Amino acid sequence: MPFEKGESGNAAGRPRGARNRATLLVQNLLAEEAEAIGRKAIEMAKAGDLAAIRLCMARLVPARKDEPVAFELPPLEKAADGVAAAASIVAAVAAGELTPSQAAELCKVIDVYVRALDSKGFDERLTKLESEIKRENAMRG
């Protein structure tokens, strides 16, 4: 018989998030020597070791994951406006103003927003229909 969701077959097993003994040992050893290792990496970087320089620079100035994109979308007031927004994104990619990956991320934003607009519209129509049905039932009864 399958287990219930979130239930382990071994209730006395390792708790979620618990780490292996070897991992804990290595982490403790590194923690004790972290200062010495850091100083050595800096010394090596100062001496011109490119790998050590890269390591130190990666810690000092981490690479940016996302760059802000200056791009103006047309207003999105209804779900159908998503077509115009997508067309402007395609035109920007064709003109070299946006990279394909930036365009894909913007399209995801538009998709989420259009779905939210659809959901809101559906909820409003449903609420209106329910209130009309209640009114009709109240008039009959």
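For the numbers below, each heavy atom of this structure counts, side chains included, while hydrogens, waters and symmetry mates do not. Treat the numbers as computed from the prediction; the structure is a model and nothing was measured.
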### Message
Please give me the minimum heavy-atom distance between Ala45 and Ile53, naming the atom from each residue.
### Response
O-CG1, 3.5 Å

## Note on the structure
Distance col, row Met139:CE vs Asn137:CG, nearest 0.5 angstrom, shows 11.0 Å

### Query
CD1 of Ile89 to CD of Glu97: how many Å apart, nearest 0.5 Å?
12.0 Å

### Query
For Asp123, does its backbone N or O pair with a side-chain atom of Thr127 as donor and acceptor, under 3.5 Å?
yes

### Message
Nearest 0.5 angstrom please: Leu29 CG to Ile37 CD1, how far?
### Response
9.5 Å

## Note on the structure
Taken to the nearest 0.5 Å, the spacing of Ile133 CD1 from Glu130 CD works out to 7.0 Å

### Task
Heavy atoms only: give me the nearest Val114-Gly82 pair and the separation to one decimal.
CG2-CA, 4.0 Å

### Query
So how far is it from Thr23 OG1 to Asn28 CG, rounded to the nearest 0.5 Å?
11.0 Å

### Query
Do Asp81 and Lys78 sit within salt-bridge range, that is, some charged N less than 4.0 Å from a carboxylate O?
yes

### Task
Enumerate the residue pairs fulfilling salt bridge (Lys or Arg N to Asp or Glu O under 4.0 Å) with a member in residues 84-95, sequence neighbours excluded, ordered by first and then second residue.
none

### Message
Check for me, please, whether Leu129 and Phe122 land in the same ILVMFWY cluster - side-chain distances under 4.5 Å, paths through other members count.
### Response
no

### Message
Let me check something: do Val61 and Leu50 share a hydrophobic cluster, defined by ILVMFWY side-chain heavy atoms less than 4.5 Å apart, either directly or through other members?
### Response
yes

### Task
Please examine the side chains of Lys46 and Ile42, heavy atoms only from C-beta on, and report whether any two atoms are closer than 4.5 Å.
yes

### Qualifying residue for side-chain contact (heavy atoms from CB on, under 4.5 Å) with Tyr113, from Leu117, Asp111, Ile110
Leu117

### Query
For residues 22-44, which residue pairs qualify under salt bridge (Lys or Arg N to Asp or Glu O under 4.0 Å), counting only residues two or more places apart or in two chains?
Glu35-Arg39

### Query
Phe71 and Ser88: which non-hydrogen atoms are nearest, and at how many Å?
CZ-O, 3.6 Å

### Query
Who passes side-chain contact (heavy atoms from CB on, under 4.5 Å) against Glu105, sequence neighbours left out?
Lys108

### Task
Check Thr99 against Val93 and note the closest heavy-atom contact, atom names and distance.
O-CG2, 4.1 Å

